[in-house]
There are 2 protein chains.
Amino acid sequence: MTVNDAEGPTLLPATAMAGRDEPVDRILATAYELFSRRGIRDVGVNELISSSGVSKATFYRHFPSKDALVLAFLELRDQVWTVDLIVAEASRRGNTPEERLLAVFDVFGDWFQREDFEACSFINVLLEMGAGHPLGKASIDYLSRIRGHIQALAEEAGLDRPEEFARSWHILMKGSIISATEGDALASKRAQQMARWLIEHHRGL
Amino acid sequence: MTVNDAEGPTLLPATAMAGRDEPVDRILATAYELFSRRGIRDVGVNELISSSGVSKATFYRHFPSKDALVLAFLELRDQVWTVDLIVAEASRRGNTPEERLLAVFDVFGDWFQREDFEACSFINVLLEMGAGHPLGKASIDYLSRIRGHIQALAEEAGLDRPEEFARSWHILMKGSIISATEGDALASKRAQQMARWLIEHHRGL
DNA sequence: TCCGAGGCAGACCGGTCTGTACGCCTCGGT
DNA sequence: ACCGAGGCGTACAGACCGGTCTGCCTCGGA
């Protein structure tokens with residue numbers, strides 16, 4: 001009863017959410033914009049409600065606390081960013097599982113170029129709140145979901161030890177994101193080259 | 001005149017600082033402990049002064065603002081962590097430039113195992129404050145110094161394109177740190193293996 | 001026509017934040 | 001013997017935090 005339980009288990013992505021105008025959707029859309037760009041602690045409840053045009057009572061009617069809203073934001077981020085932007089787009093660009101894996105870094109390259117590049121919210125929240133905080137633990141869980149997508153592609157490609165492959169692959173993804181945050185827009189290319197070597201060493205001998 | 005200008009340009013590391021007992025040294029030692037473990041925003045000035053046994057007036061006599069103390073902390077972190085812990089220790093463990101490079105990830109392995117593993121303060125501050133904030137910009141600068149150490153070792157080893165080598169290498173370092181924060185203590189081994197491939201492809205053909 | 005659910009606006013609470021100010025004390029140099 | 005620099009403790013200012021609560025209004029179904 002906290003979050004919208006009538007629309008089904010999956011939160012709508014930001015684009016599909018534009019059509020809706022319910023207060024809970026406006027809150028979530030605003031939270032997505034502010035949290036993904038500026039982090040959690042820098043965005044207060046007062047700013048959230050004023051930016052989404054919602055009263056404070058309405059806010060706390062739908063979300064029992066700010067942390068609950070952050071959890072809903074992370075879930076939305078998993079859908080909008082991980083699934084719709086990265087996995088779906090990479091799968092669209094590649095014809096084989098290996099091509100789809102490497103296309104992840106092509107998508108990263110386009111993403112790094114965007115002027116509103118906001119890094120990875122899961123890493124941000126994890127480092128901002130700490131691994132022991134409930135929000136940090138939730139972020140770790142969403143990061144493991146990303147590895148799950150990579151592992152599934154690795155299994156499709158018939159690569160050796162797909163679980164360890166996904167962990168190494170994820171190191172390249174996270175490292176390139178940090179480098180892009182520092183300003184290295186070519187970080188995706190460097191990571192993609194190392195990713196190629198990783199694939200070669202995980203192919204059946 | 002803000003920070004100790006009588007002792008020379010370099011701040012003393014935490015171990016060598018234990019002998020000193022000046023208020024400014026106690027403040028810096030406390031800031032190092034608290035900032036490196038819990039980040040910037042989670043540690044307030046009141047906690048800093050009570051933990052270091054210093055009055056608030058004394059604090060602001062030595063540091064004009066909290067941000068100024070954070071800058072001094074980052075400088076100290078560069079000395080204690082980057083130089084003394086990582087670069088010096090890796091150089092001690094390896095006999096050749098290539099061995100010294102790979103030993104970075106051996107040092108990482110030991111570091112990841114520590115119960116008080118606190119991740120990389122430069123990445124933490126960068127993501128916590130944002131790339132546009134002065135503290136974020138300072139963190140980017142200290143991260144580039146790390147790349148400088150790697151690049152110097154790559155030049156010693158006679159590797160091709162040492163600047164690009166260092167950027168790829170740094171991706172592995174940062175990615176493995178994030179993975180270790182998630183709980184993957186073997187991240188250093190995975191990164192080290194990819195680092196070996198990177199060295200091979202940068203050796204003179 | 002009525003009535004209650006839900007939305008809006010904003011006051012308010014206790015707590016915390018950075019930063020300032022004031023008073024008292026100790027200690028070292030002249 | 002003095003006197004000022006610098007340390008300590010603390011109260012305080014002004015802003016903001018998450019969260020609670022009270023009023024008022026609108027709208028849709030019985």
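A, B, ... follow the sequence lines: proteins, then strands. Residue 1 opens every chain. Just so it is clear, the model here is predicted, and its values are computed rather than measured.
Residues B:S52 and A:N46 both approach DNA chain D. Their nearest nucleotides, taken by heavy-atom distance, put B:S52 toward the 5′ side.
Classified by interplanar angle (parallel below 30°, tilted 30° to 60°, perpendicular above 60°), the ring pair B:F105/B:F108 is perpendicular.
Residue A:T58 places at least one side-chain N or O under 4.0 Å from the OP1 or OP2 atom of C:dC8. For the OP1/OP2 pair of D:dC16 and a distance below 4.0 Å, the side-chain nitrogens and oxygens of A:R41 include no atom meeting the criterion. Here B:H62 reaches the OP1 or OP2 of D:dG7: one of its side-chain N or O atoms lies under 4.0 Å away.
Taking OH from B:Y142 and CD from B:Q79, the interatomic distance works out to 10.5 Å, rounded to the nearest 0.5 Å. To the nearest 0.5 angstrom, A:F122 atom CZ is 7.0 Å from A:R77 atom CZ.
With D:dG6, C:dC8, D:dC8 as the candidates, the nucleotide lying closest to the side chain of B:R61 is D:dG6.
As a whole-Å value, the separation of B:L135 CG from C:dT18 P is 13 Å. Between B:L69 atom CG and C:dT18 atom P the separation is 11 Å, expressed in whole Å. Atom CG in A:L48 sits about 16 Å away from atom P in C:dA9, given to the nearest Å. Here D:dC16 presents its P atom at 14 Å from CD1 of A:I49, a figure rounded to the nearest Å. Atom pair B:R26:CZ and D:dG6:P shows a separation of 15 Å (rounding to whole Å applied). Atom P of nucleotide C:dC17 and atom CD1 of B:I40 are separated by 14 Å, given to the nearest angstrom. Look at CD1 on A:I27: it is 12 Å from C1' on C:dC8, rounded to the nearest Å. To the nearest angstrom, P of D:dT20 lies 15 Å from NZ of A:K66.
For the side-chain hydrogen bond (donor to acceptor under 3.5 Å, both in side chains) criterion with A:S179, the lone passing option out of B:K174, B:H170, B:R147, B:R167 is B:K174.
The two residues A:R100 and A:G94 make their nearest non-hydrogen contact at NH1-O, 3.1 Å. Nearest heavy-atom pair across B:V83 and B:H149 is CG2-NE2, 4.2 Å.
Classification of A:R145 and A:D141 as a salt-bridged pair holds, one side-chain N sitting under 4.0 Å from a carboxylate O.
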Taking only nitrogen or oxygen atoms into account, show me every contact under 3.5 Å that the protein makes with nucleotides 20-26 of chain C, one pair per line with its distance.
none

